[in-house]
Amino acid sequence: MSDEPLARCDLLLTGGSVVTVDDDRRVLDPGAVAITGDRISAVGTADELSSVEATRTIDCTGKAVVPGFVDCHNHLFQFITRGLGEGMELWPWLADFMWPVSTTITREEAVASVRLGALEAVKSGTTAIVDNHYAPTDLASTIAVADAIEEVGLRGAVARGMTGAATDVARELNLDKGMFPYTLDEELAITREAIEARAGRQVGVWPAPLNIIYVEQDLVRAAVALAHELGTGWHAHCAEFRTDPVTYPKHYGKRAVDWLGDEGLLGGGATLAHMIFLSDGEVARVGETGTGVAYCPVSHEYIGLGVMRLRDLRDSGTAVGLGYDGASGHRQDMFEQMKQAILLQRVETLEPTVSTAEEAFALATREGARYLGVDAGVLASGKLADVVVVNLERPHTTPWHRTVAALVYSARGADVDMTIVGGRIVVEDGRSTTVDEEQVMADAQAKADQLVERCGLGGLRVPWRR
Ligand SMILES: [Zn+2]
């Protein structure tokens with residue numbers, strides 16, 4: 001950054017409470033953020049930037065200006081089933097509900113769901129996403145999903161779910177055969193082609209062995225090699241269910257994260273979702289290698305999975321971000337995830353000091369960007385201009401004493417006024433500027449009706465469960 005004061009910019013957000021999450025964790029109130037092209041060109045107090053000429057100036061008085069949120073683990077295709085499959089254990093939830101959907105959902109239905117999910121995400125302040133897409137995963141569907149996310153305005157990656165041949169663990173868990181549609185070689189070929197087709201785009205593609213516990217070890221090795229060769233991240237579910245620490249050693253002689261570590265597969269763009277059931281040694285290896293971990297508190301609560309060792313993972317140096325985990329998170333609202341991320345830890349430890357609003361806010365922004373490997377997540381000159389404006393002049397955020405506390409404990413996704421991704425305004429006055437919201441919702445509802453009928457899931461629509 002030059003020492004010359006900025007003379008002009010494209011967009012100036014001024015007068016708001018600017019939560020930078022920068023190295024000094026400055027909160028500037030009133031502050032200002034200048035954007036030029038796709039980058040932030042200056043951040044300072046409103047006074048410091050008062051002489052900057054801007055093509056467009058937006059008065060953010062009464063609002064918070066914050067880094068865009070990073071969603072570290074999602075399955076946008078699942079939102080078409082939102083509200084179904086209540087009160088089930090993980091394996092029946094997957095085997096009797098999510099997988100029958102996953103093995104029959106069409107490309108058109110999946111894309112309608114992804115477009116709806118991406119719209120909801122961006123309207124509640126998410127600017128970047130890892131969408132772990134696993135149905136359907138043919139080349140054209142994978143590309144269509146990436147197109148839909150980009151069309152709505154987000155950045156990030158479609159982590160293409162790969163399963164290869166069914167393993168003994170998969171058979172033991174009674175996994176649907178339809179979840180294993182391709183051979184290992186086919187999985188690699190499709191993923192390679194999808195990554196190459198999306199190279200350099202705002203939404204790329206990553207390899208994603210679906211779950212370390214039940215996919216072939218050779219598939220995991222090959223997927224990571226592909227990611228390293230093509231310079232992408234990679235993604236997987238891991239240590240999500242309480243039986244995983246028993247199941248994996250029974251079949252392979254060691255715990256899953258220990259196996260990844262022994263194979264040299266941790267770090268280097270590795271991003272693992274859930275990671276609830278870890279030994280002390282595994283926590284240390286994840287931290288030492290700079291592996292990313294996606295913490296999905298609402299999903300962990302909804303399915304009753306367990307409580308991730310947030311404090312230990314953070315202390316080990318792990319990049320921990322927050323995620324929704326598809327339909328099991330129901331509403332995409334990073335404010336809710338931040339709040340639950342803390343409250344869950346407090347209930348587990350009976351210790352109200354175990355985590356803070358500041359930590360939750362960093363997980364949703366700065367740490368999420370570190371996890372995803374994107375040059376955003378903080379408001380600082382030179383960073384990508386992924387910026388969100390939140391209206392705090394609402395009854396539920398009044399009185400307003402501390403901006404971070406108001407954001408984490410009181411605000412909600414519907415309070416987002418404006419979402420900017422790479423300098424482009426994709427939500428303004430709470431409305432998408434990129435897609436027709438009513439049309440996206442109508443399309444998703446029609447496709448949802450069609451899917452429920454075809455999968456025979458009408459029984460899950462009972463108005464009152466007894
Ligand atoms: Zn998941």
Side-chain angles (χ1 to χ4, degrees), residues 70-82 84-85 88-103 105 110 113-114 117-118 120-121 126 129-137 142 145 149 156-163 170 173 175-176 179 206-215 220 223 233-244 256-257 270-278 291-308 320-332 334 336-337 340-341 344 368 371-372:
V70 181
D71 170 11
C72 294
H73 177 69
N74 214 334
H75 309 286
L76 293 180
F77 80 91
Q78 293 180 358
F79 280 91
I80 201 167
T81 66
R82 172 160 38 205
L84 299 175
M88 299 163 92
E89 281 254 29
L90 179 66
W91 293 119
W93 185 84
L94 288 169
D96 301 338
F97 166 56
M98 191 44 67
W99 288 336
V101 169
S102 303
T103 52
I105 189 170
S113 182
V114 167
E120 182 189 4
T126 295
I129 186 170
V130 175
D131 183 35
N132 185 197
H133 178 76
Y134 64 84
T137 57
T142 305
V145 164
I149 296 170
V158 173
R160 179 184 175 276
M162 308 159 76
T163 48
L173 294 171
L175 305 192
D176 192 313
M179 289 296 293
W206 290 0
L210 195 52
N211 191 321
I212 301 298
I213 305 301
Y214 62 71
V215 303
V220 180
W234 68 276
H235 189 66
H237 292 82
C238 191
E240 177 181 11
F241 200 62
R242 60 180 180 270
T243 55
D244 290 356
V257 175
T271 61
L272 300 170
H274 305 305
M275 298 286 270
I276 299 170
F277 299 96
L278 301 180
T291 300
V293 168
Y295 176 27
C296 309
V298 174
S299 172
H300 295 175
E301 293 166 339
Y302 181 76
I303 308 184
L305 291 176
V307 182
M308 201 192 77
V320 179
L322 299 178
Y324 296 98
D325 199 19
S328 56
H330 284 75
R331 193 170 86 239
Q332 293 193 72
M334 196 58 87
E336 179 186 39
Q337 296 288 348
Q340 294 302 319
L344 186 54
Y371 166 106
L372 181 56

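Throughout, numbering of the chain's residues begins at 1 and tracks the sequence. Counting starts at 1 for both ligands and their atoms, in listed order.
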Donor-acceptor contact below 3.5 Å, side chain Asn74 vs main chain Tyr324: no
Main-chain N/O of Tyr134 paired with Thr137 side-chain donor or acceptor, under 3.5 Å: no
Parallel, tilted or perpendicular, as decided by the 30° and 60° cut-offs, for the rings of His274 and His300: tilted
Non-neighbouring partners of Glu120 that pass salt bridge (Lys or Arg N to Asp or Glu O under 4.0 Å), sequence neighbours left out: Arg82
Pair His75, Asp131: side-chain N/O donor-acceptor within cut-off below 3.5 Å: no
Donor-acceptor pair between His237 and His235 side chains, under 3.5 angstrom: no
Protein N, O or S within less than 2.8 Å of the Zn ion (ligand 1), waters excluded: His73 NE2, His75 NE2, His237 NE2, Asp325 OD1
